[in-house]
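To start, the structure itself, in structure tokens.
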Amino acid sequence: MNQSGKNRILIWIIIILAATNISTIGSFYYHRISELKDVEVSQDEQTVVPGEQRTRFFRDELNLDANQLDQFRDINRTFNHTGRDIEMSLEKLREDLINELGAPETDRSKLDRLAAEIGEDHRKLKEVTSTFYLNMKAICTPEQQIKLNQIFKSMLNKDSQVNLPHQGNGKGRGRWRNR
């Protein structure tokens, strides 16, 4: 085969490889964009209540008057204090559980006790959330109660748990906890 025939074959191989690479990169890019859009849609479907702005959020969403707003602040303060204490307890229990699981000689009875305490704290957290909701419902008009229920329904995560923020780490960002 002559030199120009070899060059022509090499050029076609290069073109085919370039086209394959471009289509592969394009496919990855397309799927990456599709995944990001799916995540954005699922996040848009879930109501987000910023931790530091929960008062403003509920005031605006429920159209709370001044008296209701004062009552909400008291309800919210109690909720935050109690919820934070339970959340700190849960965090410590989870750490203890992980440490026990990693211990050279794991104590099964200690694991069972920690699991029971975690379950009890989760129950308390659900009760605190229920109390928060019922206290909110008590200060709302019937129309606001409907909106409050819609807000709580929209905050359900995929495990049907209500996501409410708690105080952030001091950097302006709240963390989410399951309620």
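Any value given below was found using the heavy atoms of this structure, including those in side chains, with hydrogens, waters and symmetry copies removed.
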State yes or no: do I14 and I22 share one hydrophobic cluster built from I, L, V, M, F, W and Y residues joined by side-chain heavy-atom distances below 4.5 Å, directly or via other members? no
For K110 and E100 the tightest heavy-atom approach is CD-OE1, 3.3 Å
Main-chain N/O of Q145 paired to N149 side chain as donor or acceptor, under 3.5 Å: no
Using 30° and 60° as the class limits, which term best fits the ring planes of Y133 and F152: parallel, tilted or perpendicular? perpendicular
R123 atom CZ, over 12 foreign heavy atoms within 6.0 Å: yes
Derivation and outcome, side chain to side chain contact (heavy atoms under 4.5 Å, CB included), residues D74 and T78: CA-CA 6 Å; D74 290 338; T78 301; 5.6 Å; no
May I ask you to decide if L62's main-chain N or O and Q144's side chain share a donor-acceptor pair within less than 3.5 Å? yes
Determine whether the side chains of E61 and Q150 contain a donor N or O and an acceptor N or O closer than 3.5 Å. no
Do other residues, nucleotides or ligands put more than 12 heavy atoms under 6.0 Å from the CZ atom of R94? yes
Could you go step by step and tell me if M136 and F132 meet the side chain to side chain contact (heavy atoms under 4.5 Å, CB included) rule? CA-CA 6 Å; M136 283 296 300; F132 173 80; 4.0 Å; yes
Decide side chain to side chain contact (heavy atoms under 4.5 Å, CB included) for E87 and R84; before the verdict, give the C-alpha distance in whole Å, the side-chain angles of both, and the deciding distance to 0.1 Å. CA-CA 5 Å; E87 192 65 30; R84 186 174 24 254; 5.5 Å; no
Any chance you could measure E127, atom CD, to T82, atom OG1, to the nearest 0.5 Å? 11.5 Å
Quick one: closest heavy-atom pair of F79 and V128, and the distance? CD1-CG1, 3.7 Å
Atom of S89, atom of D121 and distance for their closest heavy-atom approach: OG-OD2, 2.5 Å
Check L148 against K137 and note the closest heavy-atom contact, atom names and distance. CD2-N, 3.6 Å
Are any of the side-chain nitrogens in D96 or K92 under 4.0 Å away from the carboxylate oxygens of its partner? yes
Verdict with reasoning, N76 to F58, per side chain to side chain contact (heavy atoms under 4.5 Å, CB included): CA-CA 10 Å; N76 194 43; F58 279 104; over 6 Å; no
Testing the basics here: between L90 and I118, what is the closest heavy-atom pair and its distance to 0.1 Å? CD2-O, 3.7 Å
